[in-house]
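Here the structure is a predicted model, which means the values were calculated and not measured. Letters go in sequence order (proteins before strands), and every chain restarts at 1.
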Amino acid sequence: MKVTFWLLDINSETTNDATELWLWGIDEKGNRVLVVDRSFVEYFYAVVAEDFEPSKVAEEIREIHGAATVKLEVAERKLFGKPVQTVKVYCRNPAEKAKFARALRNLEGIKDCLEDDIRLSMRYLIDNNVVPCAWHEVDADEEESAQCTRADKIYAAKSPPRLLEKSDVPSLRTLSFHMTCYSREGAPKPDRNPVIIISTVASTGEERQFLPNTDNNDKSLIQEFVAYVQKLDPDIIAGYGTNTLDWNYLRERCRTLGIKLDIDRACTEPHTSVYGHVSLTGMANIDIADFADQFPEVKVKTFRNLAEHLGVAKTAESPVIEDVDFADYWDDKHKRTALKQFSMDSACSVKGMIELLLDFAMQFSSLVSLPLDHVMTAAVGFRVEWFLIKHAQKIGELIPKRVEQPYRPYAGGLVLKPQAGLHENIAVLDFKSMYPNIMIAYNLSPDTYVSPKEQEPASGVFTAPEVKHKFRKAPPGFYKEILTYLIGVRSEIRDKMKTLNPESVEYRVLDARQKAVKVITNAAYGYAGWIGARWYIKPVAEAASAWGRHTIQTAISMAEKAGLKVVYGDTDSLFVTYDEKKTRELEKEIEKELGLDVEREVYVRIFFTEAKKRYAGLRKDGSLDIVGLEVIRGDWAEVAKKVQEHVLEIILKEKSSQKAVSYVQSVVDELKLRKVPFRDLIIWKTLTKPVEEYAVKASHVEAAKALKSRGWRLAVGDKVGYIISTGEGKLYDRAKPHVFATIDDADVDYYVSKQVVPAAARVLEFFGVTEEDLLKIAARKEQAAKSLMEFMK
DNA sequence: GCGTTCAATGTACCT
DNA sequence: ACAGGTACATTGAACGCG
C-alpha cells in the first residue's frame, strides 16, 4: 500500500549483517508512523590510483576481501572536479565499514577510500533524496511491532520513499518544559541532588507541574513526568539549555535512582549524539539556546532576556530567580509558591519561543537535510556542508575527508578611512550579496580551481586580481550552481510572499524558508575559507575577497569620476555625498559594469569618528543608525551607553555640542550621587576559556571565580556581570559580581572617568570638547557644591 | 624605586 | 567548529631616569 508521511526523525539500527533505517513520521490522518527500510546496503568508495585498471582493482578486492563485500561496482566520479576511477564497495557488515576502508587503503592500486565517514542515516537521506520535515510517499506493508515502539502504525518499506511536492506542515504535538533542581552545595549534582520541579506546557495549552510527594524525594516526580510524556506522546520536546544540562542531569539522576528515563518512541534513553545534541528517538528534542546566535542584539543571552526580546516572557516584571537561590526558595514556605510559579512561567516562555522559532528550524532542516533535532545544534559551517554534500552526491562529486590543515590567513575586505566629523546628506550604496555574486560571476569553486601546476583548460580561465588564482570559465562549478539556485529560490519565495497576507501561516513558513536560504547563501564564502571545511581550498576564498576589493575600488573610481565624494566604505559598501541624479547613474553603472545590484539608503546627517567601523547616521524618519560605537557594545555599562546614545542624538538632530555637554554633566552629577539604576552599572563580559587558563588577570575572570566559589555554575561562553567597586588595587581586584553588590559598593569615579566620559568624549571631541573638559567641569561642579556645603555649615 | 611606554592579552564589533 | 579587518581597555614587563 501507499503511505504518505512527513519525516520527523530518522535513526538506524545495525546488526552484524543487517541494516535498518527507521523513518519516524506523521501521516495525513495524523497517525504517528514508523517506516522501516531494510533494503539499504552501506558502501564506500575506493579511489583507484592512476595507471591502474579499476576492474582489476575490483577483482583484487573481491579475491582478498570477498567475504566482506556484498558487491563491487566500478564507477567514475569526480574529486575536486577532477575525474577519478573508483570502486564502490558495498559492505556485508555495516559495523566494520570504517575498518574495512582502512584495510583497503593499503592495497596496491588504491589511492584512498572516501565516504566511509558518512553516517548511515545521513547517507540514506542523501542517496534517496529523502528530506527531513518534508512529505514523502512510500510503497510499504504494515507490520506488527516486534520491539518496543511507540508508533500508531509500523510499515516495512518496499522501496525508498519518494519526496512529494507538498509544503504544508502537519499539526505537531509539542511539549515545552522547565526543570529545577535542589542543591545547598553549589551547582546541583545528579548523584546527590534531587529534581524538585518539572513544569510542562503542551501545545494544547495543558499545563502540568511535577513535584516530589515527600520533600526532596524525586523518584516519583520523574516517574510521573515520564508517564506523562509517554501518554502525551509529543513530536517535539523543547526547553532551554537542555542539550547541555537538563537531559544529562535527568539521565544521570535516573541512573542514581535506578529508574529508566523511558520517554522516546523506541523505549530507549536519551543519548548525546553528533554536534552535541541530545537525541530522543522518534521525536525531535529542541534546545532553544541553539537559536540564540540569531539574535545578536540580545547581548546577554539568558533565557529571560531572549524571552523578553521575543515578547514571550510570561510575566515581564516578576523577578528572575537565580539557580543558586532555588534551595532557599524551596525551603521557605512563603517563597516556594514563587519558585513554582517561576518554573511554570519559564515553561510557558519556552512554549512561546518554540512557536516562534520552529518554522525556521523546520525550513532549515529540509533545506540542508539535517534532521530537525540536529540542525540548529550544528554550527553554520556544518549546515552549509550538508547542503553541499547533498548537491555533490547528485553531480557525482565525491565527498572529501576533513583533513587537518595549518591555519594560513589571507587578505579580506577593503575598509576605507572615514572622513571624520559630521556630514550632511550621505548615500550608502550596498552591493547586494557581493561575495556570492562574485563567486558566481567568476565561477569560483573547489572544483573549478586551476592550480599553477595545471594546464589551462580549453574554456579559458578567470584570473583573480592581485592574488592571480585561476578558475576555469566553464563548465560551471558546483558553488556556482548552488548559489545561482539559492539566489533564484530566495527571490521566488519573496515574490510569492508579496502575494500573501503577512499574517497567514503560509507567509510565515515562506519567510522562515527565505531566511534559511539567506543564511546558507551568505555563509558559502566563509565556508570556502574555513580550514575545517571538507572542500577547503584557500584560493577560492582568497580570490573572492580579492575580487571584492577590486570591485569596491572600481566603484570608488566610478563615484569620483561622477563627481561624488566618497566619505567611507567597508568591504561591499560605499558612503558618498548624495546627489539624486548622479547617484542613480552611479548605481546603474555599477549594476552594468560590475554585475551587482545596489541597495541605497540615505542619511540626512552622519557622524564618523576617526576610527573605521564606528559611526552614527540620522535617517529621514528621525531614527538613528549607530554602528560599532559603545552604544551597541555589550561590554560597556548601560549608563555610558545611554549617555553616548543621547549625545549622538543631540549632535545629529540639533548639532548642539553645548547641549550635549550639559546633558553629560547632568548624568555625571546623578551618577556621583548614585542616583542611577544599579543595573546600569553592570558590565558584562564573556568567559572565552576556562578561568584557570587566562594569562593575565581580568575583571570578569575574577568575578567569575567569586561566583564559582559561591556555587554558580559557569561555562565557557557564559557572560559574567560585574561592577567595579571602591577600594584598593587594580580593577580586577575591585570587580564584584553584580549579584553580590549594591549601588553603594560602586566606584562612581571609575564609572565617570572610565565609562561615561570616554563614551561621551568619543563623539564630543570632534566638537572641541575633550575628556579633560568633561572631567574638569564635573570636578569644578563638585568643588562648588563642596564649597557651598562648607558655607552652609 | 618609580613613573612611562608599549607589546600582549582579551573582547566585541563590522561587513 | 563560516571569513578577515578593526577598535579599544587593561595588564604587566621593559625601559628610562635619578
Would you tell me if any nitrogen or oxygen in the side chain of [X] comes within less than 4.0 Å of OP1 or OP2 on [N]?
X: A:Thr609; N: C:dA7; result: no
X: A:His700; N: B:dT11; result: yes
X: A:Tyr407; N: C:dG4; result: yes
X: A:Arg408; N: C:dG4; result: no
X: A:Lys689; N: B:dG10; result: yes

Identify whether any heavy atom of [X] sits under 4.0 Å from a base atom; if not, whether one sits that close to sugar-phosphate; answer base, sugar-phosphate or nothing.
X: A:Tyr750; answer: sugar-phosphate
X: A:Val627; answer: sugar-phosphate
X: A:Ala611; answer: sugar-phosphate
X: A:Gly412; answer: sugar-phosphate
X: A:Lys417; answer: nothing
X: A:Ala411; answer: sugar-phosphate
X: A:Arg614; answer: sugar-phosphate
X: A:Tyr694; answer: sugar-phosphate
X: A:Arg762; answer: sugar-phosphate
X: A:Ile632; answer: sugar-phosphate

Could you check how far [atom1] of [X] sits from [atom2] of [N], rounded to whole Å?
X: A:Leu687; N: B:dT11; atom1: CG; atom2: P; value: 8 Å
X: A:Tyr615; N: B:dC14; atom1: OH; atom2: C1'; value: 8 Å
X: A:Lys612; N: C:dT6; atom1: NZ; atom2: C1'; value: 8 Å
X: A:Tyr732; N: B:dT11; atom1: OH; atom2: P; value: 16 Å
X: A:Trp684; N: B:dA12; atom1: CH2; atom2: C1'; value: 16 Å
X: A:Leu370; N: C:dA1; atom1: CG; atom2: C1'; value: 14 Å
X: A:His374; N: C:dA1; atom1: NE2; atom2: P; value: 17 Å
X: A:Phe382; N: C:dA3; atom1: CZ; atom2: C1'; value: 15 Å

Would the [X] and [Y] ring centres measure less than 6.0 Å apart?
X: A:Phe462; Y: A:Phe471; answer: no
X: A:Trp535; Y: A:Phe478; answer: yes
X: A:Tyr694; Y: A:His700; answer: yes

- Query: Between A:Asp293 and A:Pro296, what is the shortest heavy-atom contact and its length?
  - Reply: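 Residues A:Asp293 and A:Pro296, closest heavy atoms: O-CD, 4.1 Å.
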
- Closest heavy-atom contact between A:Ala523 and A:Val380? CB-CG1, 3.6 Å

- Item | Value rounded to 0.5 Å, distance of CG in A:Leu652 from CG in A:Leu422 |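 Those atoms lie 6.0 Å apart.
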
- Query: From B:dT9, C:dA7, C:dA9, pick the nucleotide closest to the side chain of A:Arg633?
  - Reply: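 That would be C:dA7.
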
- Return the 5'-most residue of the pair A:Val415, A:Trp530 with respect to DNA chain C, ranking by each residue's nearest nucleotide.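 It is A:Trp530 whose nearest nucleotide is closer to the 5' end.
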
- Query: Closest nucleotide of DNA chain C for A:Pro409 versus for A:Lys730: which of these residues is on the 5' side?
  - Reply: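 Upstream on the strand: A:Pro409.
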
- Only one of A:Thr377, A:Asn243, A:Asp373 clears side-chain hydrogen bond (donor to acceptor under 3.5 Å, both in side chains) with A:Asn285; which? A:Asn243

- Query: What residue among A:Phe766, A:Tyr568, A:Phe575 forms ring-ring contact (aromatic ring centres under 6.0 Å, His included) with A:Phe607?
  - Reply: A:Phe766

- Parallel, tilted or perpendicular: which fits the ring planes of A:Tyr442 and A:Trp547, with parallel below 30° and perpendicular above 60°?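 Answer is parallel, since the angle falls under 30°.
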
- Task: Output the residues of residues 532-547 of chain A in contact with DNA chain C, where contact means a heavy atom of the residue under 4.0 Å from an atom of the strand; sort by number or write none.
- Result: none

